[in-house]
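Shown next, in structure tokens, is the structure this report addresses.
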Amino acid sequence: MGTSRRGLSALTKSYEPGPIEDKWYAKWIEDGIFKADPRADKKPFSIVIPPPNVTGSLHLGHALDNTLQDILCRAKRMQGFKVLWMPGTDHAGIATQNVVERTLMAEGKNRHELGREAFVKRVWEWKEEYGSRIIGQLKKLGASCDWERERFTMDLGLSSAVRKVFVDLYKKGLIYRGKYLINWCPRCLTALSDLEVDHKELDGKFYSVKYIFADKDDSSGLTVMTTRPETILGDAAIAVHPRDERNRHLVGRNVIVPITGRVIPVIEDNMVDPEFGTGAVKITPAHDPNDFLVGQRHNLESIQVIDSRGIMSEEAGKYAGADRFEARELIVSDLRELGLLIDASDHRHSVGHCYRCNTVIEPYLSEQWFVRTKPLADADVAAVKAGDIRFIPEQWTSTYYQWMENIRDWCISRQLWWGHRIPAWYCDDCGGVIVSEEAPESCKCGSKNLRQDEDVLDTWFSSALWPFSTMGWPQSTETLEAFYPTTVLVTGFDIIFFWVARMIMMGIEFMKRPPFSHVYIHALVRDEHGQKMSKSKGNVIDPLDIIDRHGADALRLTLASLTLQGRDIFLSESRIETYRFFLNKLWNASRFALMNLDDAPDAIESPSVDDIRHMRLHDRWILARTSDVIKDMTDLIEGYFFGESARTMYDFVWGELCDWYLELSKPALRGDEGSDRKCVTQKILYSVFRDVLKLLHPIIPFSTEELWSAFAYGDDIIGRGEWPVPADYPGIETAKSDMDYIQGIIRAMRNLRAEVKLPPQQMAPMMSIRLEDESKNTLVRENSDLITLMAKVENVEISPFGSTKPPKSISAVTGEWEMFFPVGSLLDVEREIARIEDELGKLTRETDRIKGKLDNKNFVERAPAEVVEKERMALEESASRSLRLEENIASLRRG
RNA sequence: GGGCGGAUAGCUCAGUGGGAGAGCACCUGCCUUACAAGCAGGGGGUCGUAGGUUCGAAACCUAUUCCGCCCACCA
């Protein structure tokens with residue numbers, strides 16, 4: 001007996017995550033296993049992290065997103081890929097500026113007192129202090145990013161990429177500047193893109209207002225309906241539909257705007273729905289997006305009565321200085337007094353809100369920069385249609401098309417201080433505009449009075465470049481060469497338009513290739529009742545708190561298990577416990593195995609083909625099932641079936657390995673030391689646990705790593721280990737159906753025991769069980785005691801019948817105590833040889849077919865290289881498989 | 001208005017043509033030398049509704065109801 005080198009004594013009696021996790025994370029970093037080597041001679045696999053906001057603290061969305069990415073990266077490393085997982089953070093313009101402004105406010109200051117330069121400096125300081133917090137939290141989760149490559153969207157390199165992209169698009173005419181009606185947040189005091197507006201249904205009033213005709217002798221008028229009476233002050237026309245029989249006679253007449261007394265024309269425009277309301281619409285070009293378009297078509301004046309702060313402007317006359325909502329009330333009451341308010345009915349309608357501060361958006365006329373998106377979007381739709389980009393689950397494809405095909409120009413300028421300043425300069429002398437990557441010395445007119453545009457870019461502009469800007473673009477780098485395009489993007493559906501679509505846009509435009517071939521869209525994490533988690537509801541589960549109490553592995557396993565394609569995740573504490581219990585089960589099963597390997601020779605190994613002779617049914621069965629699970633897991637990971645893969649392991653480890661194999665292996669393990677039976681069982685434990693730990697490692701890296709080291713499988717930490725390969729022992733396929741049969745019988749017997757209330761540990765001399773088939777033939781008669789049964793499974797006898805399903809009926813009779821239990825079978829050598837030979841035949845025919853194909857000159861020369869390569873690999877594979885099968889036959893004959 | 005998803009056990013959800021399942025909760029019995037964070041057994045569902053296809057439907061088709069989400073310029 002060799003000295004034990006296994007770490008049983010080091011294993012606590014139950015699974016305690018705390019100290020293990022920090023220890024292993026430090027070791028992984030020290031060993032540099034997360035580093036991506038672009039020069040490695042391996043197939044590439046790359047992911048760029050969805051950069052969390054620097055303001056952020058790890059929430060469950062991040063936890064899920066990064067768990068899934070980590071599972072993929074770790075599995076791919078084990079499968080022999082060179083893996084790059086690119087980490088970093090986003091400067092998150094408005095969000096970060098708001099946070100820092102709040103800290104200023106607490107000091108009784110505001111950013112304007114500080115001035116732009118000092119304020120931006122202050123944000124940088126804030127970023128240096130807090131920006132790394134989320135990175136530390138990702139490490140807690142176990143994220144295997146290549147941290148040495150960490151990027152920030154406002155790094156020097158990324159900033160120069162931003163300027164280059166801006167200038168290029170400007171030169172191509174895809175970026176322009178102009179005065180348009182945009183979404184404006186009166187609190188943040190900046191423009192927002194259409195996407196940054198949240199539409200919410202609100203209860204409001206629908207006011208019917210009378211506009212008197214301007215003709216001196218006519219005191220009648222027409223009625224229009226509005227939800228925003230305060231904009232009456234900015235009315236420039238009344239519009240009706242050209243084919244509206246009810247109203248078309250009004251066209252050409254003039255009406256008097258209530259309160260202001262301004263005289264405006266009645267015009268015709270297709271935008272009006274003749275069926276809706278009175279069929280006549282007031283047109284306020286400066287305060288409504290539709291009206292703005294009508295105003296442009298008819299060359300109407302834009303009268304701005306609300307300013308950037310949402311306050312009525314000088315143009316609003318006596319209402320000037322009032323808040324827009326106050327003004328609404330005042331005007332309604334004035335209209336009522338004037339007798340011009342016909343009606344005010346309740347009306348539910350959708351109102352835009354700022355996605356950052358929830359303030360009601362004001363359509364606001366101002367000078368902004370835009371990206372002309374239509375020409376870019378066409379190529380992006382084409383890329384998805386051509387299959388260059390695949391959405392998983394597929395249903396998101398149509399969502400993407402729908403948006404891309406109806407895309408509108410993207411307002412990219414923001415009136416903020418934190419962000420990438422727009423690289424445009426204005427000449428105070430000639431009024432010219434210079435767009436350039438670097439600050440120009442002077443204007444074309446020779447003037448040096450140049451001012452840079454005050455605005456910064458939408459934060460999503462820089463994140464749109466993330467997949468290539470982080471890899472060093474616009475320089476050409478080894479990293480880009482090796483890892484662009486990335487393999488898969490993993491993110492939530494909430495940023496498909498904000499981010500995914502725009503990355504595709506920029507990737508195709510600047511790299512000529514889509515930035516990723518797969519987009520895995522995962523669900524939202526909600527609370528156990530399906531409610532969105534929010535601080536106000538008090539239903540937030542903090543992942544860091546979960547990690548503290550249950551460990552990162554428990555959280556990761558829970559999230560992975562609940563991730564089923566296309567379905568939201570409802571999370572609760574009790575659910576996390578379920579999976580923590582699993583970790584404990586795995587832990588204790590490992591302790592059991594280690595205990596029984598402890599007296600094994602040091603040089604323990606996997607079972608060999610010759611060992612099959614000493615195996616019992618359950619031995620062959622567990623090897624077969626392990627092989628199945630390896631194959632399943634490989635496919636499931638490849639297809640992004642996270643929930644299914646976690647479930648597969650859960651069910652296999654708990655329901656098969658622990659519940660059945662470990663129990664059935666006990667008699668052999670208690671046998672004489674060095675006996676063939678004991679030795680072969682030890683080999684099986686050794687090899688099955690090795691494969692199980694490997695398969696679980698991507699999902700629960702910390703605990704598997706700890707167990708791996710306790711098993712002393714090798715000096716290599718598990719992250720460098722290879723992905724397991726399905727073993728091919730003779731006789732294991734038939735073991736599965738035979739085992740099914742036995743399990744059926746055992747379950748039936750336990751059932752019966754419970755029904756007749758047979759105490760545990762007690763033999764039942766007066767009871768036997770008779771199992772019958774459908775024709776009432778007695779198949780099995782057995783004493784019901786479980787221990788006896790186990791002993792019987794151990795001493796297998798040859799079965800006279802070949803049924804693969806348990807008998808239909810079972811009845812208990814009292815009678816003589818009779819032992820007769822022909823369960824399962826020993827390996828039927830002749831039958832197994834015949835089966836293998838049959839398989840070998842099929843394999844030979846397949847080999848011949850491929851050989852023929854490869855001998856065909858046309859095929860080799862004309863077919864795509866990868867197809868030919870695939871066939872070559874298939875040939876190699878089947879050749880080595882034939883060899884294995886022949887060895888198996890030889891071994892069976894020897895035995 | 002357009003699009004998408006869901007409806008299966010008390011709860012949360014698997015199950016893509018042939019025995020209705022898991023976890024949690026509940027009941028019964030067990031501290032059996034890996035694990036009481038465990039083991040064994042059990043109760044509980046006309047698979048939203050109505051048609052259709054099929055020898056056979058929880059699954060496929062059609063219609064319908066309810067719930068959730070996304071998009072959209074309904075003044």
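Hydrogens, waters and symmetry mates are skipped; everything else that's a heavy atom, side chains included, is used. Order of the sequence lines sets the chain letters (A, B, ...), proteins ahead of strands, with each chain counted from 1.
Side chains of L586(A) and L696(A) form a contact here, defined as non-hydrogen atoms less than 4.5 Å apart. In this structure the side chain of I283(A) never reaches within 4.5 angstrom of the side chain of N290(A), judged on heavy atoms.
The 5' end of RNA chain B is approached more closely, in terms of each residue's nearest nucleotide, by K666(A) than by the other of F582(A) and K666(A).
When the P atom is used for both rG15(B) and rC60(B), the distance is 11 Å, rounded to whole Å. Here the separation of rG45(B) from rG19(B), taken at their C1' atoms, is 16 Å to the nearest Å. Nucleotides rA9(B) and rA25(B), compared at atom C1', are 11 Å apart to the nearest Å. Separating the C1' atom of rA7(B) from that of rA14(B) is a span of 15 Å, rounded to the nearest Å. Nucleotides rU16(B) and rC24(B), compared at atom P, are 23 Å apart to the nearest Å. Comparing rC11(B) with rG5(B), their P atoms are spaced 25 Å from each other, to the whole Å. Here the separation of rG6(B) from rG44(B), taken at their P atoms, is 30 Å to the nearest Å.
One atom, CZ of F497(A), and another, P of rG3(B), lie 15 Å apart when rounded to the nearest Å. Protein atom CH2 of W396(A) is 10 Å distant from nucleotide atom P of rG5(B), rounded to whole Å. Straight-line distance from the CG atom of D494(A) to the P atom of rG5(B): 19 Å, rounded to whole Å. Remark: P of rG21(B) and CD of E644(A) are 20 Å apart, rounded to the nearest angstrom. Between the NZ atom of K585(A) and the P atom of rC35(B) there is a distance of 10 Å, rounded to whole Å. As a whole-Å value, the separation of D198(A) CG from rC70(B) C1' is 12 Å. Rounded to whole Å, atom P of rC70(B) lies 16 Å from atom CH2 of W403(A). Spacing between atom CZ of F641(A) and atom C1' of rU16(B) amounts to 12 Å, rounded to whole angstrom units.
Under 3.5 Å, the side chain of E663(A) and the base of rA34(B) form at least one donor-acceptor pair of N or O atoms.
Across the strands present, rC39(B) finds its partner in rG29(B); the criterion is a Watson-Crick or G-U wobble pair with both atom distances under 3.5 angstrom. A 3.5 Å limit on both hydrogen-bonding distances identifies rG52(B) as the Watson-Crick or G-U partner of rC60(B). Across all strands shown, rG17(B) has no partner, as no Watson-Crick or G-U wobble contact with both distances under 3.5 Å is found. The partner of rG1(B), taking Watson-Crick or G-U wobble pairs whose two distances both stay under 3.5 Å, is rC71(B). Across all strands shown, rU46(B) forms no Watson-Crick or G-U wobble pair with both distances under 3.5 Å. Searching all strands for a Watson-Crick or G-U wobble partner of rG23(B) with both distances below 3.5 Å returns rC11(B). Across every strand in view, rC66(B) sits in a pair with rG6(B) that passes the Watson-Crick or G-U test at under 3.5 angstrom.
Among the nucleotides rC24(B), rA37(B), rA40(B), the one closest to any side-chain atom of D659(A) is rA40(B). Of the candidate nucleotides rG5(B), rG3(B), rC39(B), rC39(B) has the atom lying nearest to any side-chain atom of W654(A). Of the candidate nucleotides rA34(B), rC71(B), rA37(B), rA37(B) has the atom nearest to the side chain of R580(A). Distances were taken from every side-chain heavy atom of T578(A) (C-beta onward) to each of rC39(B), rC24(B), rA34(B); the shortest belongs to rC24(B). In the set rA37(B), rC69(B), rG3(B), rA37(B) carries the atom at the smallest distance from any side-chain atom of F581(A).
In this structure a side-chain-to-backbone donor-acceptor pair under 3.5 Å is missing from R580(A) to I576(A). Under the 3.5 Å distance criterion, the side-chain polar atoms of R556(A) are left unmatched by any main-chain donor or acceptor of I700(A).
Residues Y520(A) and F642(A) bring their aromatic ring centres within 6.0 Å.
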For the pair W396(A) and F391(A), evaluate ring-ring contact (aromatic ring centres under 6.0 Å, His included) and give the outcome as yes or no after the intermediate values. CA-CA 6 Å; W396(A) 292 107; F391(A) 281 85; 8.4 Å; no
Please report the C-alpha distance between R549(A) and E573(A) in whole Å, then the side-chain angles of each, then the deciding distance to 0.1 Å, and finally whether the salt bridge (Lys or Arg N to Asp or Glu O under 4.0 Å) criterion is met. CA-CA 11 Å; R549(A) 289 184 297 119; E573(A) 188 90 15; 2.8 Å; yes
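To the nearest 0.5 Å, atoms CH2 (W708(A)) and CZ (R690(A)) are separated by 6.5 Å.
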Which pairs, protein N/O on one side and nucleotides 73-75 of chain B N/O on the other, fall under 3.5 Å?
{"from": "rC73(B)", "atom 1": "OP1", "to": "R408(A)", "atom 2": "NH1", "distance (Å)": "2.4"}
{"from": "rC73(B)", "atom 1": "O2'", "to": "N290(A)", "atom 2": "ND2", "distance (Å)": "2.3"}
{"from": "rC73(B)", "atom 1": "O2", "to": "N290(A)", "atom 2": "OD1", "distance (Å)": "2.4"}
{"from": "rC73(B)", "atom 1": "O2", "to": "N290(A)", "atom 2": "ND2", "distance (Å)": "2.9"}
{"from": "rA75(B)", "atom 1": "OP2", "to": "H347(A)", "atom 2": "NE2", "distance (Å)": "3.4"}
{"from": "rA75(B)", "atom 1": "N6", "to": "D273(A)", "atom 2": "O", "distance (Å)": "2.9"}
{"from": "rA75(B)", "atom 1": "N6", "to": "F276(A)", "atom 2": "O", "distance (Å)": "3.0"}
{"from": "rA75(B)", "atom 1": "N1", "to": "D273(A)", "atom 2": "N", "distance (Å)": "3.1"}

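E405(A) comes within contact range of no nucleotide atom at all, as no heavy-atom separation falls under 4.0 Å.
Using bins of under 30°, 30° to 60° and over 60° for the plane-to-plane angle, the ring pair F206(A)/H347(A) lands in the parallel bin.
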